[in-house]
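Every chain is numbered from 1, with letters handed out A, B, ... down the list of sequences. Scope of the values below: all heavy atoms of this structure, side chains included, with no hydrogens, waters or symmetry mates.
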Amino acid sequence: MSDKERVQRPRQAMEQKWQAQWDRDRLYRAQVDWSKPKHYAVTMLPYPSGDLHIGHWYAMTPADARARYMRMRGYNVLFPMGFDAFGLPAENAAVKRGIHPAAWTFDNIARMRLQLRSMGAMFDWERETISCEPGYYKWTEWFFKKFYEAGFAYRGEAMVNWSPTLQTVLANEQVIDGKDERNGQPVIQKMMTQWFFKITAYADELLKFDGLDWPEPIRTMQTNWIGRSEGARVSFKLADKSADKLADAGKSDSSGAIEVFTTRPDTLWGATFMVLAPEHPLVAALTSPAQREQVEAYVAAAGRKSELDRLSDDGEKTGVFTGGYAINPVNDERIPVWTAEYVLVSYGTGAIMAVPAHDVRDFAFAHKYGLEIRPVIVPEVVPDDFCVSEAYAGAGVMRHSDSFDGTISNGEKGRKNPAIAAVLDWLTERGIGKEAINYRLRDWLISRQRYWGAPIPMLYSDDGQIMAVADSDLPVVLPDDVEMVEIGNPLGKHPTFAQAIAPTGAPARRETDTMDTFMCSSWYWYRYLSPKDQAHPFSAEEAAYWLPVDVYTGGAEHATMHLLYGRYFTKVMRDSGMFADTEAVMRAHGREPGTIFDEPMLLLRNQGQILGAERIGDTIRASGRWEGANKLYADLIEVIQPESVDDGDAVPMIVSGFATAEDAASGVVTGELMKRSENTLTVHSYSGNLKTIEVNAGARIVIPGIPGENTVAQLGEHLEIQRMSKSKGNVVNPDELVEAYGADTVRAYLMFSFDWEKGGPWNYQNIQGVVRWLDDIWDMVVNSDALTTDAPGNPETERTIERRVHQTIKSVGEKIEAFNFNKAIAELMSLKNDLRAAAREDGLSADAFRTAVRDLLLMMAPFTPHIAEELWAIIGGTDSIHQRAYPTYDLAKAAEETTILIVQRNGKVIDRIAVPVGLSEDEAKAAALASDGARRVLGDKTPSRVIFIGGRGDQNVEPKVNIVV
RNA sequence: GGAGAUGUGGCGGAACUGGCAGACGCGCAUGACUUAGGAUCAUGUGCCUUACGGCGUGUGGGUUCGACUCCCACCAUCUCCACCA
């Protein structure tokens with residue numbers, strides 16, 4: 001066989017041939033067909049940043065394989081693709097390079113579309129959707145308007161990062177250390193009027209995941225993000241003097257009380273002071289003349305910090321006394337009111353009652369400023385050494401709490417805690433407070449002071465009215481003739497854009513803010529249904545058939561934003577009756593809508609992340625004692641300078657002076673440090689293989705340039721596996737891989753070498769396995785004579801291959817459905833091995849071989865669509881393999897005739913005996929006890945127990961007998 | 001600080017419901033074919049041991065006839081949220 005010609009790489013020409021053919025045949029066109037079951041698979045659409053990244057391939061090609069598999073299983077599959085094309089990078093590119101954002105974006109889209117096509121995925125390009133095209137954002141605007149009309153969009157005040165230099169708002173990640181990340185100019189906090197979506201109105205419904213097959217971590221993250229907490233709202237009246245002052249200032253209309261939210265009403269009697277956020281409206285009014293200077297300085301300083309900076313102060317709490325007092329309503333105590341940054345204006349009421357004895361933050365604050373700490377919950381059994389040295393949040397008994405003394409507080413949250421339940425009732429009865437639920441979730445701020453986004457279709461008429469643009473005037477089109485400059489919002493500076501006439505006929509000013517790009521991506525799976533529909537955001541005819549999305553795949557980083565917004569959008573659409581037409585069509589086709597429009601996508605799976613390849617670290621020499629061939633226990637680690645490195649040689653680097661043989665004999669390993677975990681180093685030694693070094697406790701670590709005692713941790717510093725990024729130079733370019741190996745190899749490698757939901761560091765070596773797999777199959781089909789032989793074949797071999805084929809058909813299908821692509825390909829490799837061996841021994845007739853190869857190619861088609869198609873044609877297929885059904889399996893054919901009986905002693909295997917499938921318990925026990933292994937182990941002893949574990953013939957699980965001695 | 005996840009050979013990873021640990025692949029070793037090998041083919045490859053045999057799924061306990069799998073405690077790594085009252 002060695003003289004057989006191997007496959008020539010690259011295979012690009014062959015792949016491109018088929019891609020063009022599929023295009024011509026409109027093979028992947030998805031159309032409504034009520035006679036077939038539907039399957040709507042969506043993979044998160046990319047942002048057109050310029051080039052397709054290996055991460056896109058990793059996310060999309062397995063999703064494609066699964067969609068192809070579903071199609072072969074008889075489903076009518078819709079698998080569309082598009083671009084999430086609005087966003088800040090286009091504006092940055094415009095400013096930096098003088099290109100219009102639209103030009104930059106569409107250039108990128110053109111390039112990425114070609115790159116996407118090189119994947120050979122079954123995207124239906126006739127449904128392509130681009131969010132920055134007027135035909136799309138017309139409907140983004142329309143949705144905004146509908147939300148506004150339904151009362152879900154409102155104007156409110158929000159704190160933003162404002163750059164006075166640039167006259168623009170910056171995102172949190174653009175602000176570092178209170179300064180603009182790019183130009184170092186100061187950034188201040190400023191209140192601005194912005195548009196919000198009332199997502200909090202759906203907080204409770206968003207906490208429910210009924211009927212959704214979503215990963216547990218995503219559901220947990222959304223649940224925590226929504227952050228429902230049960231507790232009470234309680235009013236603290238201002239003490240007399242303070243109240244008078246408010247009255248004097250004409251501000252007593254705000255009831256002269258501080259409203260707080262607490263999850264621990266059972267600790268009300270331990271409230272010894274109150275804290276207001278620096279931005280709280282009552283701070284100024286409460287401040288006494290003596291404290292005024294100090295308070296104003298503190299509030300001003302807080303305003304100069306961004307939210308991120310405030311949180312990065314390592315928990316060191318600061319604050320100042322306002323000079324004002326409030327009355328604790330449960331015991332009429334007069335307690336001081338402070339203001340401090342650790343209370344956030346945006347959460348709860350922006351004010352807290354501080355219970356230092358039972359809250360760690362309040363404790364730290366009280367401790368620092370010498371405020372009273374009064375325990376009101378004490379453990380039932382008070383330890384001898386109980387003292388107030390830290391906040392106590394555990395279970396206990398109420399104390400110093402008037403009539404509640406002795407009530408059990410069991411440490412639970414909400415009404416499950418008897419103390420909280422009792423106090424809640426009491427507060428309500430007395431009108432001091434009321435039961436309340438608070439959410440961490442805040443309303444969705446959708447205004448952006450940017451050009452490259454969907455315009456907010458609102459008008460402000462000169463007489464002060466706010467109104468939406470008329471439907472007939474949608475879309476509000478972005479003007480092309482903008483000057484892209486860094487200062488200010490280009491849209492706001494446009495000479496005519498803002499000039500408009502209100503529907504009432506009055507002159508009006510147009511809103512110049514645009515929408516958050518998450519708006520565009522909150523409904524795109526509806527636009528795929530009818531991307532060219534001018535009259536509706538989506539067609540009811542299409543929606544009735546395709547909805548909802550059956551499988552959604554993408555990155556877990558979208559857990560709390562995109563995936564939450566998408567769910568919210570659908571719920572508002574449902575409640576605004578936007579699916580009414582769709583439901584009517586469904587009913588006409590006999591499909592009952594039920595709860596279909598409660599959620600946008602039924603099943604969600606997240607791929608892991610492909611990280612950069614592991615970097616080569618320091619060159620080290622480890623000296624110690626060998627334990628086996630690959631493990632060294634080291635007492636000395638030295639970081640050394642390689643004397644010379646042969647640049648032309650990427651893999652083996654031989655450094656003069658360290659001969660491999662010597663090293664091996666002397667207990668010395670020299671090479672590059674690849675990885676460190678605790679005290680274990682992995683070293684790519686100069687002898688060419690990887691060695692494990694266990695660093696003994698007390699080992700000496702010598703790093704030149706770092707004097708004194710060094711630690712193992714210092715070695716690992718440069719080695720962390722990193723995310724791919726241009727600056728780190730560890731980016732893997734998919735185009736180059738496709739050129740070198742072909743798309744099928746890259747697809748199969750990405751699916752085979754990682755657990756898809758886990759991801760991992762890139763590895764250039766493992767791709768060889770996939771190359772050989774595909775080469776072998778090619779060789780077997782194209783170059784072997786098994787297809788044309790007139791040899792009769794060996795019935796036993798033929799039966800074995802038939803059995804293996806049917807077993808593989810079953811397991812590959814199950815594994816694709818479960819997103820276990822690596823296991824599916826492992827099965828296919830295994831089948832290839834068996835088939836190839838059988839063909840070489842001339843054990844198969846041409847018919848038997850052809851049957852097996854057909855099934856193998858059909859199983860490969862979802863993973864490696866081009867090679868499967870090419871070989872399909874070579875073995876005589878006249879149609880596309882992708883029009884064929886996935887092969888069906890026959891359990892009878894898949895079943896083994898003999899099996900192995902595993903004989904164990906106390907759970908450890910002692911023997912294996914070939915036995916017929918389906919032998920009885922008694923037969924199995926007798927056979928086991930008579931086995932060589934049993935006799936050897938047992939001697940003349942009698943087993944105390946013999947346990948039979950039945951095999952499962954249909955799943956080829958072997959029977960076992962455990963002999964207990 | 002909180003939440004979630006993960007820890008299995010030299011490496012990527014298998015092991016379905018508690019029942020053969022290490023499938024499949026990379027790498028490596030030996031041999032074959034070669035002017036050559038970073039191609040291909042064959043065989044081997046968890047660790048220790050000449051062998052018999054023993055030890056092995058982050059560590060320490062537990063449940064069980066039997067534990068990678070279940071329970072408890074701890075350690076490490078990763079991700080997300082982070083002063084959320």
Side-chain angles (χ1 to χ4, degrees), chain A residues 1-4 6 216-218 220-221 223-225 227 229 231 260-264 275 310-313 315 317 340-344 346-349 351-355 359-362 364-365 438-440 556-557 559-560 608-609 614 627-631 649-652 674-675 677-678 682-685 688-692 721 749 752-755 758 760-761 763 765-770 772-773 775 779 811 814 818 820 822-823 825-830 833 900 902-909 912 943-947 949 951-952 955 957-960 962-965:
Chain A
M1 299 301 281
S2 60
D3 56 343
K4 284 267 165 76
R6 300 298 298 187
E216 190 60 43
I218 299 288
T220 308
M221 274 190 252
T223 303
N224 292 343
W225 184 260
S229 42
V260 301
F261 174 76
T262 175
T263 55
R264 293 295 306 274
V275 187
R310 283 208 207 173
L311 301 184
S312 61
D313 285 346
K317 289 175 179 49
E341 278 183 359
Y342 83 92
V343 173
L344 309 176
S346 51
Y347 182 78
T349 61
I352 62 159
M353 65 170 199
V355 185
D359 181 285
V360 288
R361 295 151 304 181
D362 296 344
F365 193 78
N438 199 62
Y439 298 94
R440 183 190 172 284
E557 68 274 18
T560 49
Q609 197 172 29
E614 289 181 6
E627 183 80 46
N630 287 313
K631 199 170 219 174
D649 226 341
V651 181
M674 302 299 288
K675 196 164 139 188
S677 48
E678 295 183 70
T682 302
V683 173
H684 187 220
S685 84
N689 48 14
L690 293 171
K691 303 285 183 191
T692 301
I721 302 159
Y749 167 64
F752 174 65
S753 216
F754 302 87
D755 172 348
K758 207 167 133 199
N763 178 326
Q765 270 180 341
N766 285 352
I767 201 167
Q768 270 316 312
V770 173
R772 286 184 195 134
W773 172 52
D775 280 359
D779 186 59
S811 64
E814 288 167 355
N820 295 145
N822 54 344
K823 298 181 213 169
I825 291 183
E827 296 279 351
L828 291 171
M829 286 179 168
S830 211
N833 291 344
I900 304 292
I902 311 291
V903 186
Q904 303 172 324
R905 191 246 332 235
N906 298 340
K908 288 267 179 195
V909 177
R912 299 175 173 86
S944 63
R945 234 175 120 189
V946 180
I947 297 163
I949 305 106
R952 277 161 297 171
Q955 288 176 54
V957 175
E958 296 78 5
K960 285 119 200 154
N962 191 15
I963 301 170
V964 185
V965 188

Check: protein-nucleotides 42-44 of chain B nitrogen or oxygen pairs below 3.5 Å:
unit_1 : atom_1 : unit_2   : atom_2 : d
B:A42  : OP1    : A:Arg840 : NH1    : 3.2

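- Counting only heavy atoms from C-beta on, A:Gln765 has its side chain closest to B:C26 among B:A85, B:C26, B:C20.
- Side-chain N/O atoms of A:Arg772 include one lying less than 4.0 angstrom from OP1 or OP2 on B:G27.
- Phosphate contact (OP1/OP2 of B:A15, side-chain N/O of A:Lys823, threshold under 4.0 Å): present.
- Out of B:C26, B:A82, B:C84, the shortest distance to the side chain of A:Leu344 is found at B:C84.
- Across the interface with RNA chain B, nearest-nucleotide mapping of A:Tyr347 and A:Met221 shows A:Met221 to be the residue nearer the 5′ end.
- Residue A:Asn833 places at least one side-chain N or O closer than 4.0 Å to OP1 or OP2 of B:G25.
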Q: Indicate for each nucleotide in nucleotides 61-67 of chain B, in 5' to 3' sequence, whether protein heavy atoms under 4.0 Å reach the base (B), only the sugar-phosphate (S), or nothing (-).
A: ----BS-
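- Relative to the side chain of A:Asn766, the nucleotides B:C83, B:G25, B:A14 differ in distance, and B:G25 lies closest.
- Considering only side-chain N and O atoms, A:Arg440 lies under 4.0 angstrom from the phosphate OP1 or OP2 of B:A82.
- No donor-acceptor contact under 3.5 Å links the side chain of A:Gln768 to the base of B:C26.
- Base pairing annotation: B:G19 forms a Watson-Crick or G-U wobble pair with B:C65, both donor-acceptor distances under 3.5 Å.
- B:U45 and B:U63: their P atoms are spaced 37 Å apart (whole Å).
- Taking every side-chain heavy atom of A:Arg361 into account, B:C83 is the closest of B:C83, B:G13, B:C26.
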Give every pair of a protein N or O atom and an N or O atom of nucleotides 1-4 of chain B that lie under 3.5 Å apart, one pair per line with the distance.
unit_1 : atom_1 : unit_2   : atom_2 : d
B:A3   : O2'    : A:Asn224 : ND2    : 3.1

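- Ranking B:C20, B:C11, B:G27 by closeness to the A:Glu958 side chain, first place goes to B:C20.
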